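Take a look at the structure set out below.
Predicted, not measured: the structure shown is a model, and the values here were computed from it. Every number for a ligand or one of its atoms is a count from 1 in the order of the listing. The first residue of the sequence shown is numbered 1, and numbering continues consecutively from there.
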Amino acid sequence: MSFNLLPAKNGEEPTMQFLLEVVDILTNYVKKTFDRSTKVLDFHHPHQLLEGIEGFNLELSDQPESLEQILVDCRDTLKYGVRTGHPRFFNQLSSGLDIIGLAGEWLTSTANTNMFTYEIAPVFVLMEQLTLKKMREMIGWPNGEGDGLFSPGGAISNMYSVMIARYKYFPEVKTKGMSAAPRLVLFTSEHSHYSIKKAGAALGFGTDNVILLSTDERGRVIPADLEAKILDAKQKGYVPLFVNATAGSTVYGAFDPISEIADICEKYNLWLHVDGAWGGGLLMSRKHRHKLNGIERANSVTWNPHKMMGVPLQCSAILVREKGILAGCNSMCAGYLFQPDKQYDVTYDTGDKAIQCGRHVDIFKFWLMWKAKGTAGFEQHIDKCLDLSQYLYNKIKNREGYEMVFDGVPQHTNVCFWYIPPSLRGMPDGDERREKLHRVAPKIKAMMMESGTTMVGYQPQGNKVNFFRMVVSNPSATQSDIDFLIDEIERLGHDL
Ligand SMILES: *Cc1c(COP(=O)(O)O)cnc(C)c1O
Ligand SMILES: *[C@@H]1O[C@H](CO)[C@@H](O)[C@H](O)[C@H]1NC(C)=O
């Protein structure tokens with residue numbers, strides 16, 4: 001029983017025994033994750049899991065359960081989950097299972113502390129400062145100067161950027177609220193992740209004041225459209241505040257032309273944010289970092305190491321070029337946490353810069369991975385993933401039964417394509433074909449999940465019916481896994 005474990009008297013022995021058994025479950029899971037004969041998932045519908053399966057029951061109990069049952073619960077929780085580290089899991093921008101990162105996460109949970117003060121997280125706070133500086137150097141800000149924080153994800157990092165921009169131009173909003181500001185408008189790509197609209201709504205701008213920018217056929221913002229929309233907004237008496245350029249859009253993997261957008265932002269005195277949640281990792285690659293040229297002119301950058309760099313969830317940074325503004329925007333100087341008269345340099349109490357109070361330690365696993373791989377290791381990882389997606393692109397671009405969603409080599413690892421089953425191949429383009437094609441990807445995906453062999457995402461975009469979006473960020477994937485995915489799509493989709 002759990003009451004035999006520490007801190008119980010004589011609890012060391014049962015505690016060690018219990019933890020070793022847990023470690024045994026975890027390491028078995030890790031081994032199997034990399035074994036291609038293991039399925040990616042064992043799919044069950046919500047009602048099946050809620051009803052309970054063979055001794056695994058989600059109901060909470062009034063009475064303590066045995067440690068044997070607790071171990072079964074641990075094992076089954078993993079069993080009915082999805083192996084996001086499996087070499088054939090391509091469903092999400094974050095995938096893979098990095099062993100050093102995993103060890104980092106274990107250590108983090110063991111330390112169980114909070115990032116808000118140096119007082120209780122001295123080592124982690126310094127690691128965070130140092131890593132953020134290194135990231136700012138890679139962005140190209142002079143001497144890595146500036147500020148930043150790890151936040152609970154790219155959507156939150158993006159929200160920070162909007163808050164800081166507003167504080168920069170209209171600091172009185174902090175105390176007086178939005179009535180102290182004119183009607184402010186934000187600009188972002190029509191291909192934007194929905195997080196910008198969310199930020200617009202949550203921060204009181206209103207989604208109507210988030211203006212969407214037209215993109216070219218590859219999903220890149222057209223700078224001339226930005227300028228036209230800025231002028232249009234000004235003419236209506238609105239105040240343009242913020243432009244969000246994307247480095248690696250979620251669906252197409254498009255990189256907006258940052259330099260040209262920066263020129264326009266300078267001309268009209270707008271805040272430039274670069275959302276590199278997905279594409280930021282390419283800064284680590286000498287071969288691919290040119291895709292982010294101009295990022296050094298941004299006022300703020302979102303960069304998620306938990307996506308392209310394979311750091312375990314969560315790990316996302318908001319980086320800011322101007323020092324002090326993050327604190328200016330968010331600090332409330334709570335006397336019970338941030339006493340100014342501590343015995344150490346209290347600028348290391350980073351908690352007041354955050355919109356959260358408590359903050360999880362996201363830095364350690366990332367710092368440890370960087371130590372273990374070196375910058376060179378991240379570069380290899382990124383180059384390898386981009387090579388693999390190029391392999392996929394070359395394989396299907398002229399293959400019978402495939403159509404690419406946009407022409408040309410993808411800029412990121414996103415390869416967007418339709419699989420056309422034989423029954424649709426001769427059919428003339430029109431509503432009937434579109435309706436049928438729209439149903440193909442969801443059907444294949446459902447069968448894929450039932451058979452548990454692989455996972456890949458799909459979605460519609462604008463007037464384009466459902467297509468597959470393949471992404472590679474998993475370092476364990478190889479060309480044979482890409483071949484497998486294509487075989488599987490054809491096996492499952494052939495008779496549709
Ligand atoms: C994933 C993504 C986000 C959101 O990041 P989370 O960490 O999931 O909150 C924002 N922008 C882009 C471009 C993304 O791909
Ligand atoms: C910026 O745009 C990108 C995609 O184009 C989107 O993912 C992100 O959420 C947007 N962020 C902000 C703060 O506008």
Side-chain angles (χ1 to χ4, degrees), residues 84 90-96 101 105 135 139 148-163 186-203 210 212-213 215 218-221 242-258 261 272-283 288 291-292 295 298 300-319 354-356 359-360 362-363 365-366 382 385-386 389 410-416 456-459 461 469-474:
T84 57
F90 301 111
N91 207 63
Q92 241 66 49
L93 303 183
S94 30
S95 64
E105 194 64 65
M135 293 169 87
I139 289 172
L149 273 179
F150 282 85
S151 90
I156 305 295
S157 297
N158 284 341
M159 188 181 285
Y160 269 109
S161 72
V162 179
M163 291 175 62
L186 317 172
F187 299 89
T188 191
S189 159
E190 62 186 352
H191 275 227
S192 267
H193 191 261
Y194 63 88
S195 57
I196 175 63
K197 282 198 124 181
K198 239 183 208 202
L203 299 175
V210 178
L212 299 182
L213 303 172
T215 55
R218 301 282 302 263
R220 295 171 296 209
V221 158
F242 171 99
V243 177
N244 172 41
T246 307
S249 62
T250 311
V251 179
Y252 282 16
F255 287 79
D256 288 339
I258 302 175
I261 293 174
L272 173 60
H273 176 67
V274 172
D275 181 355
W278 172 223
L282 271 61
L283 288 170
H288 296 289
K291 295 170 185 172
L292 296 103
I295 193 170
S300 55
V301 172
T302 291
W303 177 351
N304 281 8
H306 73 222
K307 285 184 173 170
M308 196 54 201
M309 292 162 72
V311 178
L313 283 161
Q314 292 174 323
C315 192
S316 166
I318 171 69
L319 299 138
I355 51 174
Q356 303 168 258
R359 201 156 55 90
H360 187 253
D362 294 328
I363 184 58
K365 56 200 169 191
F366 181 28
I382 281 149
C385 289
L386 277 124
S389 64
Q411 292 184 285
H412 204 323
T413 69
N414 307 50
V415 181
C416 296
V456 59
Y458 72 83
Q459 68 281 292
Q461 168 88 45
R469 177 205 64 174
M470 173 66 179
V471 280
V472 186
S473 63
N474 189 340

Mind checking whether T250 has an N or O less than 3.5 Å away from an N or O of ligand 1?
-> yes

Part of T302 within contact of ligand 1 (heavy atoms, under 4.0 Å) | neither

Can you say whether the rings of H412 and W278 are parallel (under 30°), tilted (30 to 60°) or perpendicular (over 60°)?
-> parallel

Element-labelled atoms of ligand 1 that are located less than 4.0 Å from some non-hydrogen atom of W278 = 15 (O)

For G154, the ligand 1 atoms whose distance to one of its heavy atoms is below 4.0 Å | 4 (C), 5 (O), 6 (P), 7 (O), 9 (O)

Could you check whether the rings of F242 and H273 sit parallel, tilted or perpendicular, using 30° and 60° as the cut-offs?
-> parallel

Would you say the side chains of S316 and S157 form a donor-acceptor pair under 3.5 Å?
-> yes

With a 4.0 Å heavy-atom cut-off (strictly under), which part of N304 contacts ligand 1: side chain, backbone, both or neither?
-> side chain

Closer than 4.0 angstrom: is that true for some heavy atom of A247 and an atom of ligand 1?
-> no

Side chain, backbone, both or neither: which part of Q314 has a heavy atom under 4.0 Å from ligand 1?
-> neither

Under 3.5 Å: N/O of K307 near N/O of ligand 1 = yes

Any side-chain heavy-atom pair from Q461 and R469 closer than 4.5 angstrom?
-> no

Backbone or side-chain N or O of I156 under 3.5 Å from ligand 1 N or O | no

Can any side-chain N or O of N474 pair as donor or acceptor with the backbone N or O of S95 at less than 3.5 Å?
-> no

Can any side-chain N or O of H288 pair as donor or acceptor with the backbone N or O of L386 at less than 3.5 Å?
-> no

May I ask you to list the atoms of ligand 1 that are less than 4.0 angstrom from any heavy atom of G153?
-> 7 (O), 9 (O)

N/O of S316 under 3.5 Å from N/O of ligand 1, yes or no?
-> no

Between the side chains of N244 and D275, does any donor sit under 3.5 Å from an acceptor?
-> no

Considering only heavy atoms, does A277 approach ligand 1 within less than 4.0 Å through its side chain, its backbone, both, or neither?
-> side chain

Within-4.5 Å side-chain heavy-atom neighbours: I382 and M309 = yes

